[in-house]
Enquirer: 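For reference, the structure I am asking about is given below.
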Amino acid sequence: MKKLFFFFLSLFLTCNLMAQVQVERSTEIVKISGKEYYMHHVKAGETLYSIAQAYQVTVEDIERLNPEVADGLKAEQVIGIPVVAEVQDVLNQTTEKEGTRVVLGGEYVVQKGENLYDIAKKFGIDVGEFKALNPGLDNEPKPGTVIKVPDIVNTDDYLVHKVEYNERTSSMLKRWKVSESEFREKNISVGSHVFVNQIVLIPIDKVTVIQEQQPKQTIIEEPEIEEYVEVQEPELTQDPIVIVEEDFTEQTECEADPENASKRYKVALMVPLYLYDIGKIDVSKENLAKAQKSRSLSFLQFYEGFMMAVEEMTDHEGLELDLMVIDVTDEVSTAHDALSQISNEDLDMIVGPFFSKSFAVIEEYAAEKGIIMINPLSTRENVIEGHPNVVKVKPSPSGQIHNLSELVKNRYHDSNIFILSKENESDTAFLDVLEQQLNKVVNEDVIVKNEEFLEYARSESQRLEMGNKMVSTVDVEGQVYSTNDLKDNAEGEVVLHNSIKRYAYSDISKLKSQLSGVRNNLIVAYGKDNVFATQVLNTLKKEVEKAPITLVALPDWTGFEKLLVDNLLDMNAIYFSDFFVDYREESVKDFVYDFRRKYACEPQKYAFEGYDAAWYFLNALMRYGRDMMDCIPYYNIPLLHTRCHFMRKGSGDGLENQSWSIYQYDKEAIELNPINPFEKDAED
């Protein structure tokens, strides 16, 4: 088995075989989480632009899918490219579906009397997407012109339009042939003036779907791992959200026993390598790309990152370790095979398995033997329920409430705070607990000096271009204040009552009336779709001119497209993510350099997660031995992609990481910066 594994590893390292200057489209397609991607091997001399042109996608599409290209392209680097379907005769190969619109890439012949806006409405795709795919295409293409159709899915009764140069609201209504009343229903905050790249919603009619039949192709299916399963917010009646109120800042670390550092430990790493698939891989030069993307390689980088940490600790920290690497996949039989291998071993810790059914089999054995189990990828909360020996590394959504509460307590306790959402029934439990927790940490009363009110009045006068005159009144948080009264008592103060205000997006006008010009407004926007995020940014954009706003984006907006960075910068937006790598950190730079040198490929997400899992838990073993379960809630060390703050929600439960990576747009530096919610603001 070891020989097979090293043969397999050497195969993976052969990514330097094929080098050509001309961009050649890959024919190998990988399907991951229901989406299809080409696996493109970068050749010397290729650029992002030339690759984008070859695959008929935008440079932004490639950058969004492959963040590592920010450091520049490198020969033999493997990057994913979104699939744009090959040109087909849509009229000859179509099937119809009712109730949803699915448009797959193909060609369309312009008909007499229609312009690009008519075509865009027909497909539910913005004109900008057509122009990006068809360089030189204008708004009035001649009849008979063949244009490529973007591979975009739109299931709504509107399309998302990015305002073009010199457009006004009136001209948009004319171009798109929509009435003002229809337009206003979708864009309640848009006035007569719009700006370049502003996002607006264009109403369109429901249409019968034309879905292109795809040619049969061999697709390498990546197995569905727990982290790919969409996490549904729990309903209060079924799975109440439990917030463990524990102050990390007041915790004291367990005392390390020096004898633990000199012990020899036994650890089993159960990672799905699918070694029995090795014999099926075609290692010919023509099929190298396909071989590298087989499921046998899906999780190899987790192993590689793990081993890099083991080697570093062995060489520099004095770690003595007997490591068993066992191939445990989504097939339960492999878990039973693993039990036969470890039954005579006195293990200190098991990392994995990655799949739920296999994990359950191994956990039952580990609980009986008192073996610590590390679950590195699951987001399911029931992984730890009733399993005191299990450690869950991925935080659950309810952990965002604790992190945000700490952030507000330490940095925004005097802010004017709002919760804004669609108020979907499925989100009610989360939002109820969030509102309750935030009300606990804000100051009930906030004192603001009259001089700050006067300063706001001056800025309003300047914004309204009143010259030397000052506005007679200012509206602050729904209350009207006389500037004359404020001048007469310039040394005085105003006490503002402080509590969390909660609004559905349909009532956003009420939120705007409650904004403050004399203190920061913290708006927690909770939404799970791109359109909601776009609507929030567009609506609040104009309010930033009158009131300081900090936007908190929940639950995870990192994958949303078409969010203008300028808007995020203006609102100092705060993002939550369970994975964030700051490539400016020296430790990250060193890891990336070492990984490239060792494996001749770019480290991806699993590589960082594997390294951090080994580094954190093996260090904990060397400090606390088998007592580590009682001590790691107080153990926090720097890692590459995450932070760890472990807690038990119940006495019979395991430990769950409560820490989300939080980072904020810095308007001055024009960059993203990680922030620690458990640290008080230096200016506070």
Side-chain angles (χ1 to χ4, degrees), residues 34-35 90 94-106 108 111 113-133 139 147 149-164 167-192 194 197-212 230 420-427 503-509 525-541 557 559-564:
K35 296 183 179 180
V90 179
T94 64
T95 58
E96 293 188 353
K97 294 182 181 179
E98 298 291 338
T100 182
R101 179 187 299 102
V102 180
V103 181
L104 298 180
Y108 179 79
Q111 304 299 306
E114 65 181 0
N115 58 30
L116 187 57
Y117 294 90
D118 298 323
I119 298 169
K121 288 179 67 177
K122 181 179 294 186
F123 286 93
I125 302 172
D126 188 26
V127 291
E129 302 287 355
F130 280 93
K131 291 177 179 178
L133 192 56
N139 294 335
I147 61 176
V149 179
D151 185 11
I152 294 176
V153 175
N154 183 359
T155 60
D156 299 305
D157 60 350
Y158 54 81
L159 62 83
V160 180
H161 172 58
K162 184 180 290 186
V163 175
E164 298 179 307
E167 274 194 322
R168 295 172 58 89
T169 302
S170 58
S171 64
M172 279 195 301
L173 297 179
K174 185 176 180 180
R175 285 176 172 178
W176 289 102
K177 299 176 184 176
V178 297
S179 68
E180 185 170 0
S181 59
E182 290 177 314
F183 182 80
R184 295 298 175 196
E185 286 181 6
K186 301 292 185 185
N187 304 272
I188 61 175
S189 65
V190 177
S192 60
V194 288
N197 290 331
Q198 181 177 352
I199 299 298
V200 297
L201 306 181
I202 304 298
I204 56 177
D205 295 330
K206 293 279 187 180
V207 298
T208 300
V209 176
I210 295 178
Q211 180 176 6
E212 199 174 325
E230 182 178 355
L420 179 65
S421 72
K422 285 188 173 181
E423 289 287 349
N424 293 328
E425 185 176 352
S426 60
D427 301 330
Y503 295 101
Y505 180 77
S506 57
D507 292 327
I508 197 169
S509 58
Y526 187 90
K528 301 174 184 176
D529 63 82
N530 200 339
V531 172
F532 171 79
T534 300
Q535 289 173 327
V536 169
L537 288 175
N538 290 344
T539 303
L540 297 178
K541 169 66 178 177
W557 289 20
F560 291 168
E561 300 178 355
K562 298 183 179 178
L563 301 186
L564 293 183

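All residue numbers in this chain count up from 1 along the given sequence. Hydrogens, waters and symmetry mates are skipped; everything else that's a heavy atom, side chains included, is used.
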Enquirer: Do Lys528 and Asn424 come within less than 4.5 Å of each other through their side chains, counting heavy atoms only?
Expert: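 No. Closest side-chain heavy atoms not under 4.5 Å.
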Enquirer: Would you name the heavy atoms of Asp126 and Val160 that are closest together and state the gap between them?
Expert: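 Here Asp126 and Val160 meet closest at CB-O, 3.3 Å.
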Enquirer: Nearest 0.5 Å please: distance from the CG atom of Asp427 over to the OH atom of Tyr526.
Expert: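 Answer rounded to 0.5 Å: 4.5 Å.
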Enquirer: Which residues pass the side chain to side chain donor-acceptor pair (under 3.5 Å) test with Lys422, sequence neighbours left out?
Expert: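 So Lys422 forms a side chain to side chain donor-acceptor pair (under 3.5 Å) with Asp529.
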Enquirer: For residues Asn139 and Asn115, report the shortest heavy-atom separation together with the two atoms involved.
Expert: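 Residues Asn139 and Asn115, closest heavy atoms: O-CB, 3.2 Å.
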Enquirer: With Lys177, which residues qualify under salt bridge (Lys or Arg N to Asp or Glu O under 4.0 Å), at least two apart?
Expert: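 Checked Lys177 against salt bridge (Lys or Arg N to Asp or Glu O under 4.0 Å); matches are Asp118.
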Enquirer: What's the spacing between Leu159 CG and Leu201 CG if we round to 0.5 Å?
Expert: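 Leu159 CG to Leu201 CG: 8.5 Å, rounded to 0.5 Å.
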Enquirer: CD1 of Ile204 to OH of Tyr158: how many Å apart, nearest 0.5 Å?
Expert: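 Spacing of CD1 (Ile204) from OH (Tyr158) equals 9.5 Å.
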Enquirer: Which residues satisfy the ring pair (Phe, Tyr, Trp, His ring centres under 6.0 Å) test with Tyr108, sequence neighbours excluded?
Expert: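 Ring pair (Phe, Tyr, Trp, His ring centres under 6.0 Å) list for Tyr108, sorted by chain: Phe123.
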Enquirer: Could I get the full list of side-chain contact (heavy atoms from CB on, under 4.5 Å) partners for Ser179, not counting sequence neighbours?
Expert: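 Counting only residues at least two positions away or on another chain, Ser179 forms a side-chain contact (heavy atoms from CB on, under 4.5 Å) with Ser181, Glu182.
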Enquirer: Distance check, rounded to the nearest 0.5 Å: Glu164 atom CD versus Met172 atom CE?
Expert: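 So the CD of Glu164 and the CE of Met172 are separated by 10.0 Å.
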Enquirer: Identify the heavy atoms of Glu129 and Ile125 that sit nearest to each other, and give their distance.
Expert: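 So the minimum-distance heavy-atom pair works out to CB-CG2, 3.5 Å.
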Enquirer: How long is the straight-line distance from CD of Gln535 back to CG of Asn530, given to the nearest 0.5 Å?
Expert: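 Result: 10.0 Å between the selected atoms.
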Enquirer: What is the distance from atom CG of Asp157 to atom CD1 of Ile202, rounded to the nearest 0.5 Å?
Expert: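 Between Asp157 CG and Ile202 CD1, I get 12.0 Å after rounding to 0.5 Å.
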Enquirer: Take His161 and Arg175, measure what side chain to side chain contact (heavy atoms under 4.5 Å, CB included) needs, and give me the verdict at the end.
Expert: CA-CA 12 Å; His161 172 58; Arg175 285 176 172 178; over 6 Å; no
Enquirer: Run the ring pair (Phe, Tyr, Trp, His ring centres under 6.0 Å) test against Tyr117 and tell me which residues pass, sequence neighbours left out.
Expert: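 If we apply the ring pair (Phe, Tyr, Trp, His ring centres under 6.0 Å) test to Tyr117, skipping adjacent residues, the hits are Trp176.
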Enquirer: Taking the side chain as every heavy atom from C-beta outward, state whether Arg184 and Thr169 have any atom pair closer than 4.5 Å.
Expert: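 In short, these two side chains touch, coming nearer than 4.5 Å.
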Enquirer: Return the minimal non-hydrogen interatomic distance between Ala525 and Val536, and the atom names on each side.
Expert: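 Minimum heavy-atom separation between Ala525 and Val536: CB-CG1, 4.2 Å.
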Enquirer: Counting C-beta onward and ignoring hydrogens, is there a side-chain heavy-atom pair between Tyr503 and Ile508 closer than 4.5 Å?
Expert: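 No, too far: nothing below the 4.5 Å cut-off.
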Enquirer: Please enumerate all residues that pass salt bridge (Lys or Arg N to Asp or Glu O under 4.0 Å) together with Asp507, with sequence neighbours excluded.
Expert: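 Not a single residue meets the salt bridge (Lys or Arg N to Asp or Glu O under 4.0 Å) criterion with Asp507.
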